[in-house]
Colleague: 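Here it is, the structure, as structure tokens.
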Amino acid sequence: MVMSTPESAQVVTDWLDQNQAQFIEMADQIWRKPELAWREFEASRLQADYLEDQGFSITWNIAGIHTAFVAEWGEGKPVLGFIGEYDALPGLSQKNQPTKEALEKGAPGHGCGHNLLGTGAVASAVAVQKWMQASGAAGALRYYGCPAEEKGGGKVFMARAGAFDDLDAALNYHPGSMNMPGKGSSVGVNAIYYRFYGRAAHAGGSPHEGRSALDAVELMNVGVNYLREHVKDDVRMHYIITEGGKAPNIVPEEAEVYYYLRAAKMDYLAEVIERVRKVAEGAAMMTETTVEITVEDGYSPVLSNHTLADLQYRAMELIGPITFTQGEIDYAQAVNDAFPRTNADYIEDAIEHYKLPPEMAAKLDEYRDMPLIGGNFPALDAQVVSTGSTDVGDLSQLVPVSMLGTTCFTTGVPGHSWGNVATCGMSIGHKGMMHAAKIMALTAAELLSDPNLLVAIRQEFDRSTAGKPYVPPITEEIQPPGYATGGDTAQG
Ligand SMILES: [Zn+2]
């Protein structure tokens with residue numbers, strides 16, 4: 001038992017402390033060269049090369065995706081997975097400074113901290129390898145380089161291809177504003193195009209000859225906006241018009257609207273998709289147009305393993321809080337000052353959102369005037385359904401996992417913003433990343449030391465998935481987009 005003997009736990013955390021410079025450099029290299037979904041050629045190569053040097057064997061092209069790989073070390077059972085992501089977001093280029101200024105206007109940036117996400121998981125896997133070599137613990141370790149979390153969902157294709165099937169448990173974290181394992185869930189999503197076909201005509205001279213595909217799009221949106229009142233609270237339906245015609249004097253022959261439809265349960269999401277289909281067909285009927293419906297991709301809801309989350313909190317307590325310097329606090333405050341939400345607003349929202357019990361609310365309230373929260377908190381989100389989506393959902397339907405969050409962002413900054421890029425390329429993000437690496441490594445070492453823990457984790461997983469086999473949220477025909485070559489990373 002690693003955690004019951006602090007000296008043994010110290011071996012794991014000491015190795016990470018002594019070797020952190022190389023991981024910080026890896027995270028910074030990925031931060032400096034942000035690559036969009038499916039095109040993470042340099043980031044994936046950087047991590048695979050490092051892991052190969054450490055004795056891991058590398059398999060590329062998982063599920064036919066060029067930037068997806070698995071690095072494996074050890075043999076036999078159990079098999080533990082460390083889950084990495086490395087894609088950036090379009091348009092979020094930002095200098096390493098606390099005020100908004102693009103490094104390269106219009107270029108991508110790491111606004112979700114995935115430069116830290118993948119690297120922290122690499123660090124954790126290698127730390128556990130060193131501990132296994134010293135302790136003689138048996139089993140296999142796998143790092144999964146998972147592309148395109150932000151757009152398209154690499155893990156969905158990897159899950160469909162069976163890449164996670166023989167894992168006993170997976171360790172995963174995501175940069176956030178608090179150190180907290182996850183017991184909550186998040187909604188599933190499908191991205192769907194509705195393309196309408198009508199008949200072009202001169203909009204001034206002979207509009208009666210035309211049948212407007214744009215009218216159909218507008219009427220469909222009106223219909224969906226009325227549907228909103230009659231679906232469950234966790235449902236989200238949002239859209240953009242991706243094509244609306246060429247010129248006002250031509251009745252639009254083709255028009256297209258692009259929807260994300262989300263719900264906490266996949267069977268209810270299927271119902272919503274069916275009702276939206278009726279709305280689309282109704283709009284086509286009204287306008288004498290036709291509609292073609294194309295599902296682009298989908299993510300499943302997240303299922304959290306509470307036993308694993310509690311184990312991660314034990315590891316956090318052993319490690320202690322993150323200590324931020326006055327310089328880091330000042331930097332974070334300068335970032336926060338650019339956004340309307342104050343530090344106190346964040347604390348009040350979190351207390352309400354997580355429905356914190358009084359003693360935990362009091363502990364969080366100590367950070368009321370702070371832009372960074374270094375303390376550790378147990379998983380308090382068991383009742384919370386996040387209305388965003390992640391492809392960790394698909395992994396979580398197949399393997400026990402807990403979504404650990406660590407402090408890499410300031411409290412006042414919204415997700416996917418330049419403010420997050422600004423803290424993920426410097427020491428604040430580095431500290432959050434190494435904190436996560438330690439928590440995951442200690443948890444993994446504990447799982448390898450005490451087989452009963454994996455039994456308990458599996459029993460909980462089996463209970464929560466009983467009678468609900470995993471069904472991928474995409475059909476067989478949907479394939480990941482191919483970006484065959486590195487080097488030419490079409491960004492922006
Ligand atoms: Zn993310």
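Start at 1 and go down the list; that is how both ligands and their atoms are numbered. The figures that follow rest on heavy atoms only: side chains count, while hydrogens, waters and symmetry mates do not. Throughout, numbering of the chain's residues begins at 1 and tracks the sequence.
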Colleague: Just say parallel, tilted or perpendicular for the rings of Tyr259 and Tyr194, cut-offs at 30° and 60°.
Modeller: perpendicular
Colleague: Would you check if Val295 and Thr475 make a side-chain contact, meaning some heavy-atom pair closer than 4.5 Å?
Modeller: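 Answer no - side chains too far apart.
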Colleague: For Phe164, which residues count as a ring-ring contact (aromatic ring centres under 6.0 Å, His included) partner, sequence neighbours excluded?
Modeller: Tyr144
Colleague: To the nearest 0.5 Å, how far apart are CG in Leu448 and CG in Leu80?
Modeller: 4.5 Å
Colleague: Centre-to-centre under 6.0 Å for Tyr313 and Phe377, is that the case here?
Modeller: no
Colleague: Around the Zn ion (ligand 1), list the protein N/O/S atoms within a radius below 2.8 Å, excluding water molecules.
Modeller: Cys112 SG, His114 NE2, His174 NE2
Colleague: How are the rings of Phe23 and Trp15 set to each other: parallel, tilted or perpendicular (split at 30° and 60°)?
Modeller: tilted
